[in-house]
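Here's the structure, in structure tokens; my notes come after.
A note on names: the letters A, B, ... follow the listed sequences, proteins ahead of strands, and every chain is numbered from 1.
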Amino acid sequence: MGMLTGETRKLEQLAVLHRLYSDAPDASLPLLLSRVASQGALWEALARSAQDSAALATLSTEWTTLFEGPGRIAVPLFGSVYLDHGLLMGSSTQEVLAAYAKYGLIPEGKIPADHLAFELGFCGFLTAQGHVDALSERSDFAKRWMWSWVPAMTEALHAASDTPFFRELAQLTLTIVQHLSQSE
Amino acid sequence: MKEITRRKFLVASTATVGALSFWELGHYALAASKSNVTDGSPQSAVLGKERVIYTADAFCASECGLQVTTYNGVISTIYGNPHVPYNAGTTCAKGVSGKQVVYSPYRLKYPMIRVGARGEGKFRRASWEEVSRYIATKLEAIKQQYGPETVIMDGGDMTDQPPYWRLFYYFGSPNCTQHGAICDTPRRLGPYIIEGGLRIEPDLMRPVLVRQPDGSLKNDYSYANKMIIYVGWNPFTATRINYESRGTVAAKQNGAKVVVVDPAFSNTAAQADWWLPIRPGTDADLFATMLRYILTNNNPQDPERQYLDPRFQDYSVGWPEFETAFRSWWTKSDPINNLPYFSLQWAQERTGLAAQDIATLAHEFGSKKPAALVWGMNGTGHHFNGEVVSTLGTVLNVITGNFDARGGAIDTALVRSNKGGNGGSKQIKSQMITRTVNGKTIKGLAWDLEMDNNGAWPAAFWGALGAYPKQMSEGVQINYGPFAGYHYPIKAFFVRGGNPANSASTEQRWAEVLSAKDGSGDYQIPLTVYVDNAYLETGLYADVILPEASFMERMGLSDIYPSEPVMYLREPVVPPQFEAKNQVEIMNILAKALHDAGDPDIQGADFWDRYHSEEDFWNEALLEAPGRTNVGEPLPYPRYPVGYKLLGTPESLEKGQVSIDHTKKIVQGVPLTVAWLRDHHGVAVWPMAWERYKAPSGGIIATKSGKFEFHFGFLDAVNKYIANRPVPYMLNQVGWTRYPTTFFWYETVWNPYTNPAYTQYRTQYPFQLISGRIHQSMSATQYVDWLGRISEEHLWMPLNDAKTFHPVVTTGQGGEKIAGIHHLRQGAWSIAVIQMNPVDGQRLGLRTGDLVRLVNPLKQETKGKVFLSELIRPGVLRVPPGSGGRLTPGMGQTYEYRSITPSSNRLLDPNLSSPITGMSTFNDMVVKVIKI
Ligand code: SF4
């Protein structure tokens with residue numbers, strides 16, 4: 001991913017990825033993706049897959065089924081499901097919470113702290129601090145609490161959907177998290 | 001944070017970090033911790049420490065007391081609460097599985113609105129605001145156009161549903177029900193009509209708190225039982241009454257004789273002294289023959305044959321009438337075998353048990369006192385003629401002097417603590433309404449439109465949930481009461497904590513009615529709402545899904561089956577996760593939305609202004625605890641007058657901190673509260689006594705006469721109510737024109753060995769199909785994976801095929817597929833099987849693991865794997881109810897094996913329900929077996 005040239009770009013990508021895991025695709029998505037489309041082949045492909053508004057409705061339904069349910073979702077987005085024997089609120093969740101707390105942050109609401117969107121947000125927060133310590137914390141965090149499970153999640157996503165959008169999303173997520181978890 | 005703000009931000013400046021950064025926005029916002037850490041938030045976990053909380057389970061109707069430890073705000077261990085005598089520190093495997101539910105990634109998390117067709121399982125996430133507005137708008141439109149009575153509220157299988165009932169009763173619908181209306185009503189009929197109770201259990205709960213001769217109160221651990229007979233009841237596997245499994249063993253060690261009458265050698269039978277493998281559906285035959293034997297051979301002069309305890313007549317009405325009616329059958333001969341009814345020979349022919357064994361059983365039951373005759377939920381309560389069984393069973397316990405005797409048979413419904421009346425029934429029973437019937441304006445109570453008692457089931461005292469699909473498709477015809485002649489459709493179905501589409505009568509009928517459309521292509525029932533924390537079959541047909549707080553996240557009160565008044569608290573252990581809410585919050589949110597939509601019947605003073613928290617609601621309910629009278633031996637409180645109603649904490653009653661109202665006969669102590677329970681290990685226990693029906697001033701018997709009624713006052717009153725009006729259709733089916741008011745008899749259905757109408761099926765459909773309840777495999781708990789692995793009673797066995805799968809995914813196109821990351825080896829997972837005797841297997845050339853079709857004479861069928869086992873009577877097939885053929889991905893691995901697991905609920909006769917209580921014919925069917 002040579003196109004990830006600066007932290008500003010990284011921040012932009014984290015913001016979009018955060019959005020992609022927070023809410024089902026809707027009409028706001030094409031414009032959003034078009035802004036990052038130039039940042040690499042995977043982004044471009046993703047932007048293309050989300051262009052068609054008829055496809056958006058289908059993507060939206062599939063997104064909900066994959067990530068939110070109801071019922072036995074194929075791709076849980078919580079770290080502890082992969083790290084703590086399939087359940088929420090495991091010891092890894094507590095560790096993640098402690099990592100946020102170190103920076104005075106806490107998730108709003110009642111969703112466990114190790115949801116991928118929170119973790120991407122935290123990486124965004126650290127990136128925006130702009131100093132070396134924060135960036136090193138970012139790679140430590142990503143390595144320990146994201147890279148440890150995100151590959152399993154993206155594998156599940158890849159296996160659960162043959163829709164190009166989700167396969168591209170899986171690939172993109174894997175690449176970004178891998179990159180985040182490399183030492184600065 | 002509002003979604004719109006985030007979107008605006010993202011569109012405006014994807015990457016530029018401005019005043020609000022992307023991580024501070026949306027559902028997954030990170031905020032500065034100081035302002036957001038509260039004790040009520042799961043995020044407080046990192047700041048927490050170890051806590052012990054006393055609460056109550058909700059995985060089955062036992063609702064055992066639990067002692068839960070949290071560490072850093074997260075549940076760590078679960079044990080039974082040793083202070084609750086009901087389960088005395090024990091739990092079953094389900095009870096310790098609470099963490100698997102609360103922390104399941106598959107629980108319902110957000111309110112959702114359907115986007116596909118009903119049954120397709122496609123939803124989108126919505127906010128509470130949006131769903132409550134959606135529901136309120138639809139409910140108000142339905143109320144305007146069709147009337148509030150067209151809305152059904154099913155409160156499900158837990159006893160903490162009163163907030164929902166309250167909402168719908170105030171809304172104006174009399175049709176609030178619960179799972180008990182489908183569970184085992186025939187089993188409860190006998191106790192209900194004879195002594196006003198519901199459930200007779202052996203006196204086995206220990207310890208019980210007993211007043212000592214020196215005036216002190218002490219825990220009593222002794223067992224006085226001499227004989228316990230369990231008929232179609234398997235507390236060791238179907239653990240419904242927690243204390244019965246350990247109590248049975250303890251009583252047996254203490255010299256009690258334990259007998260199990262069951263077509264299957266159940267785990268309970270394995271603990272018994274004697275197993276009688278009866279033919280399915282002939283329990284009534286056995287009881288009637290025991291009664292005839294006892295009446296014939298009773299001899300007050302012979303100490304060996306003093307079967308009857310004549311004192312029962314002092315507390316009863318109508319015995320001579322009952323006895324005469326019963327004896328009148330002795331000279332009739334049964335067309336199926338030309339033998340006189342209820343003779344030993346007759347019973348031998350029909351039950352498949354030896355005449356001598358039946359005589360011995362009757363003799364021992366009559367002479368070994370104290371004894372208890374107990375009949376079960378799915379063994380007898382699920383047969384069409386379970387009503388005959390429970391009536392005769394109650395009679396046998398009463399006339400032998402065992403009723404409420406120490407070591408005898410206790411009707412737990414008559415002695416449990418009261419928990420109040422804030423469920424709104426007073427409101428619906430006092431609200432005057434008008435309807436136009438045949439062109440005339442008629443005035444009556446809203447309650448007079450209740451669909452069962454004024455419709456096809458006037459004697460179904462708990463409603464006839466199994467017959468709902470019929471009413472849903474045909475509408476409700478009011479035949480009785482002021483609104484007789486009125487007809488209304490069912491327009492909304494609101495179900496919480498129940499799964500009728502899988503468990504209440506014929507499965508395929510529920511699917512049909514919930515997805516039926518009218519001529520213009522709209523759903524016939526325009527609104528279906530599903531409230532739960534698990535996604536089960538009924539949820540597939542929902543328009544709206546509401547995530548309810550799990551039982552570890554909400555408050556409630558438990559008190560169900562104890563032998564003495566006991567009340568224990570369900571205390572929230574952790575705050576609700578995601579957007580789940582407790583029942584009182586959901587009640588208030590919907591109430592507010594209805595009010596805002598212009599409903600004049602819903603006011604803040606009855607809801608959100610009255611109950612600011614769930615604790616307010618349950619405190620109000622506790623005002624009526626224990627609500628039992630000061631009666632029995634030894635007298636619970638010798639310092640208070642006999643027969644006075646007791647109210648207040650055990651402590652205040654003990655210390656005399658009371659006021660006594662001699663006019664109303666009430667002893668009022670300090671009212672029990674949630675806070676008091678919290679300070680006392682979560683439980684209040686009041687003293688035990690026996691012979692509680694004998695108080696001259698009125699005992700525990702809850703019939704109108706206050707006595708055992710062998711002339712059934714309740715059914716007499718129903719007959720008066722329906723006089724000169726159409727005869728309920730199921731009465732016609734059994735050849736009656738009115739309800740029986742004393743001894744009655746009718747044959748069960750689909751039984752070729754007892755009912756001449758079905759003998760024709762004997763050869764072609766040679767197997768009787770029955771169900772065997774496996775506690776840990778029931779409905780919602782199947783998604784707890786470790787429970788799914790446990791094998792049980794040759795019914796729930798590791799006959800899975802090897803499988804590589806990922807949880808099922810519904811694709812955008814409405815299809816589904818399985819993606820592979822989990823590997824399950826063959827024989828590693830237990831699934832529902834068809835239990836068959838090896839003799840039958842050999843005859844059909846079948847081996848364990850063979851896949852077969854079960855086909856009934858109605859041409860319905862189901863598939864499953866055979867498990868050959870000596871545990872079952874030849875000619876009988878047994879399957880776990882509701883455990884196979886599951887339709888929702890919420891069930892996990894159970895769902896993966898849906899095509900090789902049987903569902904007996906697909907094979908019921910949808911047109912028949914037991915004539916008095918309207919129960920589905922769960923255990924009456926014959927099938928043939930076809931190898932695939
Ligand atoms: S018997 Fe029922 S209430 Fe008791 S622990 Fe087991 S599942 Fe829970």
Item to complete: Please identify each residue that fulfils side chain to side chain donor-acceptor pair (under 3.5 Å) with A/Gln171, with sequence neighbours left out.
Response: none

Fill in: Partner set under side chain to side chain donor-acceptor pair (under 3.5 Å) for B/Arg496, not counting sequence neighbours
B/Asp160, B/Glu548

Practice prompt. List the atom of B/Pro105, the atom of A/Pro76, and the distance in Å for their closest heavy-atom pair.
Written response: CB-CB, 4.4 Å

Discussion item. Give me the atom names and distance for the closest heavy-atom approach of A/Ala128 to B/Trp23.
Written reply: CB-CH2, 3.4 Å

Segment of [X] engaging chain A (4.5 angstrom heavy-atom cut-off):
| X | value |
| --- | --- |
| B/Tyr110 | side chain |
| B/Leu30 | both |
| B/Glu579 | neither |

Practice prompt. Flag the one option from B/Gln100, B/Arg124, B/Arg107, B/Lys109 with the top tally of heavy-atom pairs under 4.5 Å to chain A.
Written response: B/Gln100

Practice prompt. Establish, yes or no, whether a centroid distance under 6.0 Å links the rings of B/Tyr106 and A/Phe78.
Written response: no

Practice prompt. Mind telling me whether A/His115 and B/Tyr28 have parallel, tilted or perpendicular rings, with 30° and 60° as the class edges?
Written response: parallel

Given a strict heavy-atom distance threshold of 4.5 Å, which part of [X] is in contact with chain B: side chain, backbone, both, or neither?
| X | value |
| --- | --- |
| A/Phe125 | both |
| A/Leu59 | neither |
| A/Phe122 | both |

Roughly how far, to the nearest 0.5 Å, is [atom2] of [Y] from [atom1] of [X]?
| X | Y | atom1 | atom2 | answer |
| --- | --- | --- | --- | --- |
| A/Ile111 | B/Gln577 | CD1 | CD | 10.0 Å |
| B/Phe123 | A/Thr65 | CZ | OG1 | 9.5 Å |
| A/Glu68 | B/Leu108 | CD | CG | 12.0 Å |
| A/Gln94 | B/Asn72 | CD | CG | 5.0 Å |
| A/Met89 | B/Ser104 | CE | OG | 14.0 Å |
| B/Phe22 | A/Glu12 | CZ | CD | 10.5 Å |

Worksheet, complete the sentence: Highest number of heavy-atom pairs under 4.5 Å with chain B among A/Leu77, A/Thr64, A/Val81, A/Leu87 belongs to A/Leu87

